[in-house]
Amino acid sequence: MNAFFRLKSLSGFKKSAYYSNQSAINKIAFREKSLNMKFTTVPTKPFLDQKPGTSGLRKKVKTFQQPNYLENFVQSIFDAIKAPQGATLTLGGDGRFYNREAIQIILRIAAANGFGKVLVGQGGILSTPAASCVIRKYKTFGGIILSASHNPGGPEGDFGIKYNIENGGPAPEKVTESIFTISKQISSYKITESEEVPLDNLGTYELGKMQIQIIDSVYDYSELMESLFDFDAIKKLFKSGFRMKFDAMHAVTGPYAEEIFIKRLGASKDSLMNCIPLPDFGNGHPDPNLTYAHELVDILYAENAPDFGAASDGDGDRNMILGRHFFVTPSDSLAVIAANARLVKGYSKGLLGVARSMPTSAAVDKVAEALQIPCYETPTGWKFFGNLMDADKVTLCGEESFGTGSNHVREKDGLWAILFWLNILAIKSQSVEQIVKRHWTQYGRNVYSRHDYEDLPIEIATGVINHIRDSFSSITARVFGKYVVKSCDDFSYTDSIDGSVSTKQGLRILFVDGSRIIFRLSGTGTEGATLRLYLEAFEPDSAKHDIDAQIALSELISIAMSISEIKERTGRDIPTVIT
Ligand code: VG1
Ligand code: CO
């Protein structure tokens with residue numbers, strides 16, 4: 001045993017006892033005398049590029065590995081949040097390359113900054129929704145999540161870090177702005193000296209006065225899921241011969257999926273694929289969409305395809321839903337979940353309201369109207385939903401970018417969405433395709449697609465955006481084929497709870513018939529710029545619902561091309577990714 005921390009093994013405790021005997025464990029751990037720690041204050045110089053984007057600070061691993069880069073940002077977080085002495089922090093990540101090293105550094109900085117306790121996911125792993133669950137369940141002051149979500153990992157890949165507040169959700173803009181301001185002025189950080197903290201065994205360690213508790217977050221998260229969904233009904237569904245294929249894409253949800261689908265729900269072992277988390281995601285791109293999850297897509301479109309397919313992303317907050325030979329757009333998935341929520345145990349009392357990000361299709365708006373509940377439109381990024389959920393204004397939230405979630409945590413939640421669908425399927429005895437098509441017949445179809453142009457030179461991408469904004473006055477009221485422009489704007493949002501205003505959240509071209517073209521630049525990339533084009537057209541006529549989205553949207557796509565001059569300005573004939 002080294003000089004700086006002591007392990008109290010919990011192997012004598014059963015899992016359930018582990019949680020109910022929390023205070024007993026603490027007492028045992030504290031029987032050991034705290035050791036004197038050697039704190040150091042290290043002088044540093046600011047990096048000027050530590051501005052958090054849509055979801056935390058994301059950079060190349062190599063950037064994070066520079067001396068003091070991570071340390072500066074973590075100290076800036078701690079300076080910004082001003083946690084009281086002795087506060088508890090949650091810490092974990094998606095397991096990507098550099099996760100373990102970063103956790104060791106953060107623990108030592110946390111100890112030097114006066115935290116009393118850190119809850120760390122076993123092996124340093126916590127999916128984003130599980131981290132949100134842990135922050136809420138154990139009422140920790142906040143949490144640090146290490147993830148670059150669906151961005152590729154490995155030594156040449158991406159790394160990321162974000163701070164979540166005590167409600168379990170991403171820090172709002174006023175906090176991320178304060179972190180950025182501090183990061184530009186930082187002159188030193190505090191750190192303790194320590195040997196490596198073992199992260200793999202459940203147990204409690206002492207690092208000076210700070211306690212480190214390695215927790216089994218798979219258990220906490222699975223319990224939460226079991227409280228929301230009818231596991232018996234889903235078990236019966238699997239017993240009846242229903243076949244599923246879930247692709248964890250070698251990212252964080254593998255262990256969670258094993259516990260929930262195999263152990264608790266009795267699905268067969270071959271229901272899961274790519275469930276071993278790897279630091280480089282098996283050299284893949286853990287983004288659950290038709291392009292990057294093609295291995296799963298091929299299975300679901302093969303002859304003897306399973307009934308249901310699903311995937312989640314690097315940090316487990318995104319989901320993709322597939323039926324046999326059928327893809328459910330995330331916007332439709334949100335609408336179907338909202339329309340069927342009352343069938344599901346945890347939501348049987350109905351929904352308080354729903355919220356979607358601005359570029360997400362208005363399919364859920366139609367459901368909200370029918371249910372006579374409020375529907376909110378927020379800027380892109382989950383951080384804008386937190387206030388609405390905390391104020392009990394909404395139960396469900398969603399984004400077109402494969403993110404769906406509810407007020408059970410304050411993050412989008414991939415496995416939650418998949419379980420929601422399984423629960424609906426167990427009750428309705430209809431196929432995924434039937435459920436979606438009947439939904440369209442009832443509410444009309446919001447035909448939707450997103451085209452991404454990745455890795456563009458930044459000046460060219462901003463040039464496209466500026467050009468579109470400049471043409472607003474000349475295109476308003478103009479007629480393009482069967483479409484008439486109603487209005488154009490740069491979306492701005494005023495939070496109805498705290499009054500904060502977020503401007504420049506995406507360029508909207510709105511048409512008289514409700515169709516929309518939206519352009520915005522991504523805030524999660526680490527190289528060049530990604531230009532996103534979102535397209536939506538409403539089709540009330542069920543005789544036309546079977547049409548392929550790209551064909552149905554072809555006229556809007558050419559209008560978008562002509563207004564934006566994307567092809568001329570970028571030299572790209574086709575988008576990098578279409579979802
Ligand atoms: C993208 C998505 C956005 C999502 C964000 C974080 O942001 O469009 O809807 O909230 O990623 O998701 P951007 O700025 O690149 O468009 V995740 O799973 O990457 O944390
Ligand atoms: Co993610």
Side-chain angles (χ1 to χ4, degrees), residues 51-58 93-96 126-132 145-153 157-164 169-171 173 176 248-249 251-253 281 285-289 292-293 311-320 329-331 334 355-361 377-386 397-405 409-417 448-456 461 465 491 502 504-507 518-534 576-577 579:
K51 185 176 170 56
T54 313
S55 180
L57 181 70
R58 290 187 191 173
D94 62 15
R96 67 179 56 228
L126 281 179
S127 78
T128 290
S132 188
I145 304 176
L146 304 173
S147 170
S149 188
H150 55 281
N151 296 10
D158 291 350
F159 192 75
I161 171 166
K162 78 172 177 166
Y163 181 70
N164 279 28
E173 279 188 331
T176 55
M249 304 189 84
V252 77
T253 54
F281 309 115
H285 194 146
D287 198 355
N289 61 37
Y292 295 121
S312 56
D313 72 333
D315 60 331
D317 57 357
R318 296 186 179 205
N319 73 91
M320 176 169 68
T329 69
S331 298
L334 173 65
R356 62 163 173 85
S357 66
M358 181 274 283
T360 304
S361 98
E377 185 178 40
T378 58
T380 294
W382 211 260
K383 58 183 169 229
F384 296 101
F385 294 133
C397 307
E399 294 193 277
E400 49 65 41
S401 53
F402 298 81
T404 336
V409 289
R410 292 293 182 274
E411 287 279 5
K412 54 190 190 260
D413 189 343
L415 288 173
W416 169 90
Y448 188 84
S449 184
R450 182 176 107 182
H451 292 194
D452 292 334
Y453 294 82
E454 293 179 352
D455 205 6
L456 297 172
I465 291 289
F491 183 63
S502 306
K504 299 203 165 159
Q505 297 296 320
L507 303 181
I518 293 150
F519 299 91
R520 63 178 279 283
L521 294 179
S522 156
T524 55
T526 58
E527 241 166 4
T530 293
L531 177 66
R532 305 204 195 285
L533 160 62
Y534 309 80
T576 325
V577 178
T579 50

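Values reported hereafter were calculated over all heavy atoms of this structure, with side chains retained and with hydrogens, waters and symmetry mates removed. Ligands are counted one by one from 1 in listed order, and the atoms in each one are counted from 1 as well.
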Original post:
How far apart are the C-alpha atoms of Glu411 and Asp315, what are their side-chain angles, what is the distance that settles it, and do they pass the side chain to side chain contact (heavy atoms under 4.5 Å, CB included) test?
Top reply: CA-CA 11 Å; Glu411 287 279 5; Asp315 60 331; over 6 Å; no

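Sorting the N, O or S atoms of Asp315 by how far they are from the Co ion (ligand 2) puts OD1 first. Within Asp317, the N, O or S atom at minimum distance from the Co ion (ligand 2) carries the name OD1. In terms of distance to the Co ion (ligand 2), the nearest N, O or S atom of Asp313 is named OD2.
On a distance-only criterion, Gly523 and ligand 1 share at least one N/O pair closer than 3.5 Å. For a threshold of 3.5 Å applied to N or O pairs, the pair formed by Glu399 and ligand 1 contains at least one separation below that value.
Distance from atom 7 (O) of ligand 1 to its nearest protein heavy atom, with residue and atom name: Thr524 CG2, 3.5 Å. Given atom 11 (O) of ligand 1, the protein heavy atom at minimum distance is Arg318 NH2, 2.9 Å.
Under the 3.5 Å distance criterion, the side-chain polar atoms of Thr360 are matched with a main-chain donor or acceptor of Glu400. Listed for the Asp287 side chain is no donor-acceptor partner under 3.5 Å among the backbone atoms of Asn289. Side-chain atoms of Ser132 never come within 3.5 Å of backbone atoms of Val409 as a donor-acceptor pair (strictly under, hydrogens ignored).
Counted by atom type alone, Thr526 and Asp158 present one or more donor-acceptor pairs between their side chains at under 3.5 Å. For the residue pair Ser522 and Arg532, a side-chain donor N or O sits within less than 3.5 Å of a side-chain acceptor on the partner.
Residue-ligand proximity: Arg58 is placed with a non-hydrogen atom under 4.0 Å from ligand 1. In this structure, Lys162 has no heavy atom closer than 4.0 Å to ligand 1. Not a single heavy atom of Ser357 sits closer than 4.0 Å to an atom of ligand 1.
Side-chain contact check for Leu146 versus Asp94: every heavy-atom pair is 4.5 Å or farther apart. Side-chain contact check for Pro330 versus Arg318: every heavy-atom pair is 4.5 Å or farther apart.
Here is the list of ligand 1 atoms found below 4.0 Å of a heavy atom in Thr380: 3 (C), 8 (O), 9 (O). Heavy-atom proximity to Ser55, at under 4.0 Å, picks out these atoms of ligand 1: 6 (C), 20 (O). The contact set between ligand 1 and Ser149, taken as ligand atoms under 4.0 Å from a residue heavy atom, comprises 17 (V), 18 (O), 19 (O), 20 (O). Within ligand 1, the atoms closer than 4.0 Å to a non-hydrogen atom of Asp317 are 18 (O), 20 (O), numbered from 1 in the order shown. Near Arg532, with a cut-off below 4.0 Å to any heavy atom, the atoms of ligand 1 are 8 (O), 13 (P), 15 (O), 16 (O). Near Asp313, the atoms of ligand 1 lying under 4.0 angstrom from a non-hydrogen atom of the residue are 18 (O). Of all atoms in ligand 1, listed by their number and element, those nearer than 4.0 Å to a heavy atom of Ser401 are 2 (C), 3 (C), 4 (C), 8 (O), 9 (O). Less than 4.0 angstrom separates some heavy atom of His150 from each of these atoms of ligand 1: 19 (O).
When all heavy atoms of Pro288 and Ser312 are compared, the pair lying nearest together is CG-C, 3.8 Å.
Counting heavy atoms under 4.0 Å from ligand 1, residue Asn151 does not touch it at all. At a heavy-atom distance under 4.0 Å, only side-chain atoms of Thr54, from C-beta outward, approach ligand 1.
Here Thr128 fails the criterion, with no N, O or S atom under 2.8 Å of the Co ion (ligand 2).
In this structure, of Arg450, Lys412, Met358, the residue bringing a heavy atom nearest to atom 12 (O) of ligand 1 is Lys412.
Asn319 pairs in a side-chain hydrogen bond (donor to acceptor under 3.5 Å, both in side chains) with only one of the listed residues (Asp313, Thr404, Thr253), which is Thr404.
Note: Ser55 OG to Ile145 CD1 = 8.0 Å, rounded to the nearest 0.5 Å.
Salt bridge absent: Arg356 and Glu399 never bring a charged side-chain N and a carboxylate O closer than 4.0 Å.
By the 30° and 60° cut-offs, the orientation of the rings of Tyr534 relative to Tyr448 is tilted.
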